[in-house]
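In what follows, a structure is listed as structure tokens, so that the remarks can point back to it.
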Amino acid sequence: MTSLLIIIVLVLLAVALWQLTKIFDLTQVGSSSDDSQVASDNDNNIQGYIMFGFLAFIYIFTIYGLLKWGNLALHTPASEHGLLVDNLMNITWVLIFTVQVITQGLLYWFSFKNRGHKDKKALFFADSNKLEAIWSIIPSVVLACLILYGLYAWNNIMFVDKDEDVVEIELYAQQFKWTARYAGNDNVLGKANVRLIEGVNTLGVDMSDKNSQDDIVVTELHIPKGKKVHFKMRSQDVLHSAYMPHFRAQMNCVPGMVTEFAFVPTYTTAEYRELPFMIEKVANINKLRAEKSVELVAKGGTALDPYTFDYLLLCNKICGASHYNMQMKVVVDTPEDYKKWLSEKTTLAQDIKAAAAAEKPAEGVEGAAADTAAKVKDTVKAVIDTVKAAVAKVAMK
């Protein structure tokens with residue numbers, strides 16, 4: 001309702017301004033105003049200075065934005081390749097800001113310098129090979145260098161040696177949750193197909209494959225510090241995107257195919273929480289949450305819980321109505337803690353056997369109930385037959 005009232009007020013305000021403009025035009029009837037619609041020297045001077053003012057606005061707002069929101073950008077990367085990604089990003093930012101400052105400055109300076117004047121004539125020339133060469137060659141060389149560096153970074157990030165000791169993990173995406181599958185002791189993921197999804201086998205793992213027998217399915221992702229983790233990604237329904245921002249990792253999850261990404265974590269969750277910038281960031285977030293909690297409690301609501309940093313696996317594709325809620329906690333452990341955590345998990349084969357065993361007693365109970373019902377039915381039928389026979393005898397007498 002409030003939004004509707006605001007819209008109505010804005011519309012009425014616009015109508016009022018329009019009417020005031022018409023009244024002002026009527027008051028100018030008979031005056032010696034210039035209605036030629038041709039800009040005078042004074043008009044050109046005013047427009048030139050306004051353009052300089054807009055240039056100043058662009059520069060000032062850019063600097064203000066960097067100072068105001070620059071701290072919201074991701075800070076220290078938590079993976080080995082993260083430094084390479086950040087360097088590429090920083091180089092790109094420097095190039096963008098440099099070009100923006102130079103080109104915007106030249107654009108508005110030449111617009112001001114060559115503003116219209118009654119004693120000046122514009123110099124027209126069809127083309128300039130020198131200028132064409134300058135603004136074609138320089139951007140081409142810069143972009144070529146940037147692209148080559150990007151390809152170098154991409155190849156380094158995506159390269160996984162077949163003989164390298166890695167942790168094999170599958171990330172399974174579906175609306176609207178993530179599930180992780182570990183390869184187990186053999187470090188080989190078993191085959192899977194969505195057509196095999198049934199019961200507790202929610203990932204469609206092919207249990208006839210010997211490599212599937214030690215696979216472990218979990219809903220919280222744990223990975224070891226200092227060891228390369230090789231992710232294989234699948235999607236059950238629509239296009240998703242596995243995004244782990246602190247590890248500078250992102251890869252689309254495409255239905256019908258397997259995509260891959262690998263990285264080496266460099267900070268455990270506990271270590272990352274203790275970094276100075278993260279301590280300051282968490283304190284600032286909790287300060288905001290405390291202020292919001294005061295408002296909520298005053299309105300009879302519930303106070304917000306304090307925030308604690310955790311790595312997250314997010315979906316970076318708008319995959320449906322609950323896309324915002326599609327996330328999974330990621331915990332980076334020491335190698336020892338990781339092995340301990342993994343050893344406490346049951347395999348998918350064990351989960352399937354446990355589910356089958358739980359169904360058998362239920363089947364037994366159902367069978368016993370069916371037998372009892374049959375016996376009762378037979379007894380009732382016998383009693384009815386006896387009563388009918390007795391009634392027939394009495395009728396004959």
Side-chain angles (χ1 to χ4, degrees), residues 74 77-79 82 157-158 160 166-184 187 189-206 212 214-225 227-265 267-269 272 307-333 337-338 341-342 344-348 351-352:
L74 290 172
S79 63
I157 293 168
M158 296 304 294
V160 179
V166 299
V167 177
E168 294 284 350
I169 301 175
E170 178 186 69
L171 295 178
Y172 188 76
Q174 63 187 114
Q175 294 174 314
F176 297 95
K177 68 176 183 177
W178 294 98
T179 308
R181 177 164 65 109
Y182 290 76
N187 205 34
L189 288 165
K191 297 178 182 178
N193 192 309
V194 292
R195 295 182 178 86
L196 300 176
I197 295 176
E198 183 181 5
V200 296
N201 187 8
T202 56
L203 307 189
V205 179
D206 184 357
S212 302
D214 59 352
D215 287 0
I216 299 169
V217 177
V218 297
T219 55
E220 181 176 281
L221 183 61
H222 283 244
I223 52 180
K225 172 189 174 182
K227 189 168 184 178
K228 180 169 283 191
V229 184
H230 184 207
F231 292 101
K232 294 185 177 181
M233 307 170 193
R234 288 192 298 139
S235 173
Q236 177 176 304
D237 34 50
V238 299
L239 185 66
H240 298 279
S241 186
Y243 178 45
M244 291 173 272
H246 294 92
F247 302 107
R248 308 302 192 264
Q250 178 174 333
M251 180 59 66
N252 286 346
C253 304
V254 185
M257 66 182 295
V258 177
T259 52
E260 303 178 40
F261 200 98
F263 63 83
V264 180
Y267 292 96
T268 66
T269 300
Y272 206 83
Y307 168 73
T308 302
F309 169 78
D310 280 306
Y311 295 120
L312 289 175
L313 166 61
L314 306 168
C315 177
N316 211 19
K317 285 284 185 293
I318 301 177
C319 57
S322 296
H323 154 75
Y324 68 94
N325 199 37
M326 188 172 171
Q327 55 183 264
M328 181 165 67
K329 181 180 177 181
V330 181
V331 180
V332 180
D333 294 317
D337 290 340
Y338 169 75
W341 174 84
L342 194 61
E344 295 171 351
K345 301 299 176 184
T346 57
T347 64
L348 178 59
D351 293 339
I352 292 174

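Note that the numbering runs from 1 along the sequence shown for the chain. What you see is a predicted model; the values in this text were computed from it and never measured.
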So which of Thr268, Asp337, Val264, Asp333 actually passes side chain to side chain contact (heavy atoms under 4.5 Å, CB included) with Lys225?
Thr268
Please table the atom pairs, donor to acceptor, closer than 3.5 Å between any side-chain atom in residues 319-328 and protein atoms at least two apart or in another chain.
residue : atom : partner : partner atom : Å
His323  : ND1  : Lys317  : O            : 2.6

With Tyr182 via side-chain hydrogen bond (donor to acceptor under 3.5 Å, both in side chains) - residues at least two apart:
none
Looking at every heavy atom in both Asn187 and Val166, which two are closest together, and how far apart are they?
ND2-O, 2.7 Å
Residue list, side-chain hydrogen bond (donor to acceptor under 3.5 Å, both in side chains) with Gln175, at least two apart or on another chain
none
What is the distance from atom CE of Met244 to atom CG of Leu312, rounded to the nearest 0.5 Å?
11.0 Å
Hey, can you tell me if Tyr311 and Phe247 have their rings parallel, tilted or perpendicular (30° and 60° cut-offs)?
tilted
Tell me every residue that passes side-chain hydrogen bond (donor to acceptor under 3.5 Å, both in side chains) with Ser241, counting only those two or more places apart in sequence or in another chain.
Gln250, Asn252
What pair of heavy atoms forms the shortest contact from Leu189 to Ile169, and how long is it?
CD1-C, 4.1 Å
Would you mind listing every salt bridge (Lys or Arg N to Asp or Glu O under 4.0 Å) that reaches into residues 228-255, with sequence neighbours excluded?
Asp86-Arg248, Glu164-Lys228, Glu170-Arg234
Val217 side chain reached by Asp351 side chain, heavy atoms, under 4.5 Å
no
Identify each donor-acceptor pair in which a side-chain atom of residues 190-205 lies under 3.5 Å from a protein atom, sequence neighbours left out, and give them as a table.
residue : atom : partner : partner atom : Å
Asn193  : OD1  : Arg195  : N            : 2.9
Asn201  : OD1  : Gly204  : N            : 3.3
Asn201  : OD1  : Val205  : N            : 2.9
Asn201  : ND2  : Val205  : O            : 2.8

Donor-acceptor pair between Thr347 and Asp214 side chains, under 3.5 angstrom
no
Roughly how far, to the nearest 0.5 Å, is NE2 of His222 from CG of Leu342?
10.0 Å
Check: Asp206 main-chain N/O paired with Ser212 side-chain donor or acceptor under 3.5 Å
yes
